[in-house]
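So the structure is just underneath, and the comments pick up after that.
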Amino acid sequence: GAGVSQSPSNKVTEKGKDVELRCDPISGHTALYWYRQSLGQGLEFLIYFQGNSAPDKSGLPSDRFSAERTGGSVSTLTIQRTQQEDSAVYLCASTLRPTPQGSGELFFGEGSRLTVL
Amino acid sequence: KNEVEQSPQNLTAQEGEFITINCSYSVGISALHWLQQHPGGGIVSLFMLSSGKKKHGRLIATINIQEKHSSLHITASHPRDSAVYICAAMNYGGSQGNLIFGKGTKLSVKP
């Protein structure tokens, strides 16, 4: 596709249920980021994938959160046993591989708005 | 102290005014990104720069590597420029996927 695609755009779930959020990055972009944004707040880093390297999971807030990236392309963020504090917009971004000289432009998806009742 | 600091946090301007948003960083960078986020909308990239100055329409971004400082300027501001402007430092080899975000500057341009 032409841009970063995220699905679903909106998800309402009940506390305790599991949810999966999907990100389809721009073709050829080896770097993929997941962020969380609560209402009126800045971007909170969750996880970073770069090619076949081990992901940087340092931002995942608890072991209920996990993410994978299959075939170096599509990524899925899974939240198990959702809690109300998980309600936020989950944003995915992709770019060309970062180098000491910089990177390509950052492209963000439209986000997945998660509401946990 | 955050590694990437933006100022001001909030900015209200009258239509037509010249606007400056500042970004200071404490890490070594390979590039600096300026991003725009409209209310309820996604995030779009405005500029990526590693030196000097870039211009796109009414927007100008500058960076001073020695002073570890970047500015985003908007000339002849318009209400449609109302948005949150975010700078992000690409710190190759650093944490969080090499990318550290400022907290954003919320700009409101009044007609």
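Keep in mind that the numbers below use all heavy atoms, side chains included, and drop hydrogens, waters and symmetry copies. So that the names make sense, note that chain A is the first sequence line, chain B the second, and so on, each numbered from 1. Worth saying up front: this structure is predicted, and the values here are computed from it rather than measured.
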Using non-hydrogen atoms only, which part of A:Gln37 is less than 4.5 Å away from chain B: side chain, backbone, both, or neither? side chain
Spacing of CD belonging to A:Glu110 relative to CD1 belonging to B:Ile43, to within rounding of 0.5 Å: 9.5 Å
Counting heavy atoms not belonging to A:Leu39, are there more than 12 under 6.0 Å from its CG? no
Group every Ile, Leu, Val, Met, Phe, Trp and Tyr by side-chain heavy-atom contacts under 4.5 Å, then state whether A:Val74 and A:Leu91 land in the same group. no
Is the shortest heavy-atom distance from the side chain of B:Val44 to the side chain of A:Phe108 under 4.5 Å? no
Using the benzene-type ring in the case of Trp, are the ring centres of A:Phe45 and B:Phe101 under 6.0 Å apart? no
Need one label for A:Phe49: side chain, backbone, both or neither, based on atoms under 4.5 Å from any heavy atom in chain B. neither
Measuring from atom CD1 of B:Ile86 to atom CG of A:Leu106, what distance do you get when rounded to the nearest 0.5 angstrom? 10.5 Å
Value for CG (A:Leu43) from NZ (B:Lys103), rounded to nearest 0.5 Å, stands at 10.5 Å
Are A:Leu32 and A:Tyr90 connected in the hydrophobic side-chain network, where two residues link if heavy atoms are under 4.5 Å apart? yes
Side-chain heavy atoms under 4.5 angstrom apart, residues restricted to Ile, Leu, Val, Met, Phe, Trp, Tyr: same cluster for A:Leu21 and A:Val4? no
With chain A, which of B:Leu99, B:Leu35, B:Ile100 has the greatest number of heavy-atom pairs at distances under 4.5 Å? B:Leu99
May I ask you to check whether over 12 heavy atoms, not counting those of B:Gln9, lie within 6.0 Å of atom CD? no
Grouping I, L, V, M, F, W and Y whenever their side-chain heavy atoms are under 4.5 Å apart, do B:Trp34 and B:Leu11 come out in a common cluster? yes
Could you see if B:Leu49 belongs to whatever hydrophobic cluster contains B:Ile74? Use Ile, Leu, Val, Met, Phe, Trp, Tyr and a side-chain cutoff under 4.5 Å. yes
Pick one of side chain, backbone, both or neither for B:Leu32, based on which atoms fall under 4.5 Å of a heavy atom in chain A. neither
Atom pair NE2/CD of B:His33 and A:Glu105 - distance to nearest 0.5 Å: 8.5 Å
